[in-house]
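For reference, the structure discussed in these notes is given below.
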Amino acid sequence: MDIVLDALEESGLEPEYLELEITEGIAMYHVDQVIHKLQTLRSLGVQISMDDFGTGYSSLNYLKRFPINKLKIAQEFVRDITIDPDDAAIVQAIMAMAHSLKLNVIAEGVETPEQLAFLLNVRCEEIQGYIYSKPVPAQEFVHLLERMPA
């Protein structure tokens, strides 16, 4: 927690522009302590996402207790959403549940226009994946931002 506070102070970044991701595995380790720390971070304005939702230890009982802003759908569900009805159903169910809980959703591993269209159709708020860019070093990312239209 101190690391986050120090980083915010050193960088001058407003907390609402910082988004931290936690994995289900980490979230389920010492649950009460994790919830307390996440509540403190949220009270500062830091955004919290749960990464790879549905791939590990998820429990809907815990999900409602964690002070998170977003769920992140794992690539393993996104990869075949246009050809596997089960993956499509899982993604739709996660989307419906998240929206009912007033959470936004990030889909990771989006690579094709068909996947993007499916996710936009089910109102997925954020997309990550090669469809936009492969991972790049920090300096190259700065150049990508500089080339973006205003």
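We use all heavy atoms of the structure for the numbers below, so side chains are in, but hydrogens, waters and symmetry mates are not.
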Sorted by chain and residue number, the side chain to side chain contact (heavy atoms under 4.5 Å, CB included) partners of V136 (sequence neighbours excluded) come out as S133, K134, E140, F141, L144
dist I83:CD1 -> Q115:CD (nearest 0.5 Å) comes out at 9.0 Å
Tightest non-hydrogen contact, residues Y132 and L116, listed as OH-CD1, 3.8 Å
(request) Look at atom CD of E16 and say whether more than 12 heavy atoms of other residues, nucleotides or ligands are closer to it than 6.0 Å. (result) yes
Separation between CD1 (I68) and CG (N104), nearest 0.5 Å, reads 11.0 Å
When rounded to the nearest 0.5 Å, the distance separating CD1 of I90 from CG of D84 is 8.0 Å
So CD1 of I48 and CG of L38: to nearest 0.5 Å the spacing works out to 5.0 Å
On a heavy-atom basis, the closest approach of N69 and V46 is OD1-O, 4.0 Å
Residues passing the side chain to side chain contact (heavy atoms under 4.5 Å, CB included) test with E19, sequence neighbours excluded, are Q47, S49, K70, I106
*When you look at CD1 of I3, are more than 12 heavy atoms from neighbouring residues, nucleotides or ligands closer to it than 6.0 Å?*
no
_Test log, rule salt bridge (Lys or Arg N to Asp or Glu O under 4.0 Å), inputs D32 and K37_ = CA-CA 9 Å; D32 291 329; K37 288 179 181 183; over 6 Å; no
Sorted by chain and residue number, the salt bridge (charged side-chain N to carboxylate O under 4.0 Å, His left out) partners of E111 (sequence neighbours excluded) come out as none
Sequence neighbours excluded, the answer for side chain to side chain contact (heavy atoms under 4.5 Å, CB included) partners of V122 is Q92, M95, F118
d(D86 CG, D80 CG) to nearest 0.5 Å is 10.5 Å
Hits for side chain to side chain contact (heavy atoms under 4.5 Å, CB included) against A98, two or more places apart or cross-chain, chain-then-number order -> L71, L103, V105
Residues 116-125 vs side chain to side chain donor-acceptor pair (under 3.5 Å), sequence neighbours excluded, gives H99-R123, H99-E125
